[in-house]
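Remember, it's a predicted structure, so these values are computed and weren't measured experimentally. Only heavy atoms go into these numbers, but all of them, side chains included; no hydrogens, no water, no symmetry mates.
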Amino acid sequence: MAARLVYVLNGPNLNRLGLREPGIYGSQTLDDIAAMLVERGEALDFEVDVRQSNHEGHLVDWLHEAEDKGVHAVLLNAGAYTHTSIALHDAIRAIKVPVIEVHLSNPHTREEFRHKSWVGMAAKGTVAGFGAQSYIVALEAAAGL
C-alpha cells in the first residue's frame with residue numbers, strides 16, 4: 001500500500017526561517033523542518049510534500065490541488081496571511097481535506113492583530129507555540145485523522 005500524502009504549506013517570510021527573528025521563530029531553517037517532517041512522516045507511513053510561497057494565490061491553488069489529488073491532510077502555516085486572508089479561509093472551507101493550522105510561535109501571546117485567525121476559523125485544529133515541534137505535533141495529529 002502506498003504512503004498517504006500530506007502537504008505542508010508555508011506562507012510569506014517562512015523562507016527566511018533561521019535568519020528572521022530567531023528569538024521568536026527559532027534558528028532552524030525551513031529545510032531543517034522539512035527534513036524532520038520527512039523523517040517523522042516515514043515512520044507514520046506518510047509521504048510529506050513541503051512547499052513555501054510568499055504569494056497568497058499559490059497557497060489557495062495548493063489547497064485546491066490537495067483536494068483534487070486526494071491528499072490525506074494539509075498542514076498550513078500561512079504566516080501573516082493567517083490574520084488577513086479570507087481567500088485562504090474560503091479555500092479551506094471549499095475542500096474536504098482536513099487542514100491543520102500550524103504556528104511556530106503562539107499568536108495569542110503576541111501583538112493583538114495576530115489574535116484573529118481566518119485560517120483557524122476554517123481549519124480542523126491548530127498547533128501553535130512549540131517552535132519547529134509544532135509541525136511534528138500537527139503531523140502526528142494528521143495520522144489520527
Can you name the closest pair of heavy atoms from [X] and [Y] and give their distance?
X	Y	result
A34	V50	CB-CG2, 3.9 Å
A78	P12	O-CD, 3.4 Å
P98	K124	CB-CB, 4.4 Å

In terms of hydrophobic clustering (I, L, V, M, F, W, Y; side-chain heavy atoms under 4.5 Å; direct or indirect links), are [X] and [Y] co-clustered?
X	Y	answer
L63	L75	no
F46	V97	no
L59	L5	yes
I92	V127	no
I33	I136	yes

Between [Y] and [X], is there a side-chain heavy-atom distance shorter than 4.5 Å?
X	Y	value
K116	M121	yes
V6	L44	no
Y135	N10	yes
L9	N77	no

Mind listing the side-chain donor-acceptor pairs of residues 137-145 below 3.5 Å, one per line with the distance, residues two or more places apart or on another chain?
unit_1, atom_1, unit_2, atom_2, d
E140, OE2, R40, NE, 2.8
E140, OE2, R40, NH2, 3.2

**Asked** Applying the side chain to side chain contact (heavy atoms under 4.5 Å, CB included) test to L76, which of V119, T126, T82, V8 qualifies?
**Response** V119

Look up atom [atom1] in [X] and atom [atom2] in [Y], then write down how far apart they are to the nearest 0.5 Å.
X	Y	atom1	atom2	value
Q52	W62	CD	CH2	7.0 Å
S117	L88	OG	CG	10.0 Å
T84	E56	OG1	CD	6.0 Å
D32	L17	CG	CG	9.5 Å

**Request:** For the pair H103 and H83, name the ring-plane relationship: parallel under 30°, tilted 30 to 60°, perpendicular over 60°.
**Result:** parallel

**Prompt:** Is the count of non-hydrogen atoms from other residues, nucleotides or ligands lying under 6.0 Å from R51 atom CZ greater than 12?
**Reply:**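 Yes.
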
Does the [X] side chain pair with the main chain of [Y], one donor and one acceptor, at a distance under 3.5 Å?
X	Y	answer
E67	K96	yes
N15	S53	no
D61	H58	no

